[in-house]
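Worksheet: one structure, shown below.
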Amino acid sequence: MKKASITIDKAFRIADVDKRIYGSFIEHLGRAVYDGIYQPGNPLSDEEGFRKDVIGLVKDLDVPIIRYPGGNFVSSFVWEDSVGPVEQRPKRLELAWRSLETNEIGINEFSRWARKAGSDVMMAINLGTRGIADACNLLEYCNHPSGTKYSDLRISHGVREPHNIKVWCLGNEMDGPWQLGHKTMEEYGRLAEETARAMKIIDPSIELVSCGSSNLEMPTFPQWEATTLEHTYDYVDYVSMHNYYGNKANDTADYLAVSDDMDTFIRSVISTCDFVKAKKRSRKTLNLSFDEWNVWFHSNEADDDLMKNHPWQIAPPLLEDIYTFEDALVVGLLMITLLKHSDRVRMACLAQLINVIAPVMTQKGGGKAWKQTIYYPFQLTSRYGRGTILQPIIQTPCHDTAEHENVTDVESVIAWNQEKEELTIFAVNRNIGEELELTTDVRGFEGYQLAEHVVLESSDMKAANSAGGEAVTPQQVPRSSVTDGMVVSLLKPATWNMIRLKK
Ligand code: AHR
């Protein structure tokens, strides 16, 4: 049998992870808001029309922050339409997704929902079709206590206490030609700089995210970051990253290597931030907010047809990817990659949360919410990947795939929760044909014993969950043992593994 080994030590510290790395995203898109979090009249909904079962599933994911209200949606969002008496709110053509926006749910309702789900809001502002004044007005509406035009407007809408939203995204994917109000790097850099300056005058306690590239393949990457950050560097706290992955070539081995692409992307953005830092002789180090990441490809064709041929519907079923077992492996791998960079990736958002490329699904017309395959690696990593993240020193066989060279069989990261005295080894065997014996040296952690070895595995890479039942769920397996500080584990081919030790 093939062998691999890992050495871990308390000294191999990457970072104390910011819990906001387990963030997510809800956009006014498809059935995320209407029919997702909000279904008035459904017996499963509360007095405000929010689905209680959905809130329960989101709470189990332990999502500390949720980006809102978009996404591409935000670039033509008129926030004033979404507040005040619901019956007076206008219906609008929603241009990003060619849908009809009723504005029944707006900033105040969403903030209430987020509180119920145990999450903070990360607010994105419209820097596509709008600008500095609108951003300032929205910030005043949300965060200023009282005694001004917009704070008093909020109070007149029945919201006495300010929302105190701490994280604000300066637009969305402004480098993308598909974005309404898409800008050149110079145009965006200047606008974002001036908006950031004004917003920090209103509330110096907020954190701001400058728009990075929409993905690694953008022709303007990484010049976009270099140029825009020259303008925004001194005023912002993060640069955003977005990337989606998919198995379009239907090649599982190659698909499991996409986390290497995420790793390359993160390293490149870190280098670019540090280039700007050096150029500016700045003492400040900029962090990364990977605020859109996930698998997204299953629904592409259906979405194109729906938007082109059946536009202007309320809550059309857009971006409803049904995820497979291999997608769950990829989500587990992407989370390992984010954690390996948790010294610089301080925030990240699984995009998205409900119905739209989501771990949680609701059914049209009734029935309980259900969990997609990707729900599980996210849930378990979010639950146990807290505390100090440690860099494992890994010896592993490698393999080549169609598009990737030297792909490590074992991908891994370690979380040490000092408070709970727990050590969690996250490990994926990316070799789809061969099992591995993994030996982990934990002699630096005296007295830690095996608590459980949990796997996600399936003989069918395309196995999917549905409202009718779950084909992919985590299982406890007797595949690890600990002797004299050495953990020996069997990693079956193409499996996500979580080996937990406790003192
Ligand atoms: O998450 C779906 C879309 O992907 C978002 O609206 C956009 O920001 C990205 O292109």
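Remember, it's 1-based here, ligands and their atoms both numbered in the order they're listed. Worth knowing before you read on, the calculation uses all heavy atoms, side chains too, and leaves out hydrogens, waters and symmetry mates. FYI, the numbering just counts along the sequence from 1.
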Would you call the rings of Phe110 and Tyr68 parallel, tilted or perpendicular if under 30° counts as parallel and over 60° as perpendicular? parallel
Listing request: all salt bridge (Lys or Arg N to Asp or Glu O under 4.0 Å) pairs with a residue in residues 253-271, at least two apart in sequence or in separate chains. Asp260-Arg430, Asp263-Arg267
Ring geometry between Trp224 and Tyr188 (parallel below 30°, tilted from 30 to 60°, perpendicular above 60°): parallel
Find out whether the Lys NZ or Arg CZ of Lys277 is both under 6.0 angstrom from the six-membered ring centre of Tyr233 and within 45° of the ring's axis. no
Could you work out, with ring pair (Phe, Tyr, Trp, His ring centres under 6.0 Å) as the rule, every residue matching Phe73, not counting sequence neighbours? His28, Phe77
Side chains of residues 57-64: which donor-acceptor pairs under 3.5 Å do they make with residues two or more places apart or in other chains?
none

So which residues, sorted by chain and number, lie with a heavy atom under 4.0 Å of ligand 1? Phe25, Glu27, Gly71, Asn72, Trp97, Asn172, Glu173, Tyr244, Glu292, Trp296, Leu319, Gln352, Ile357
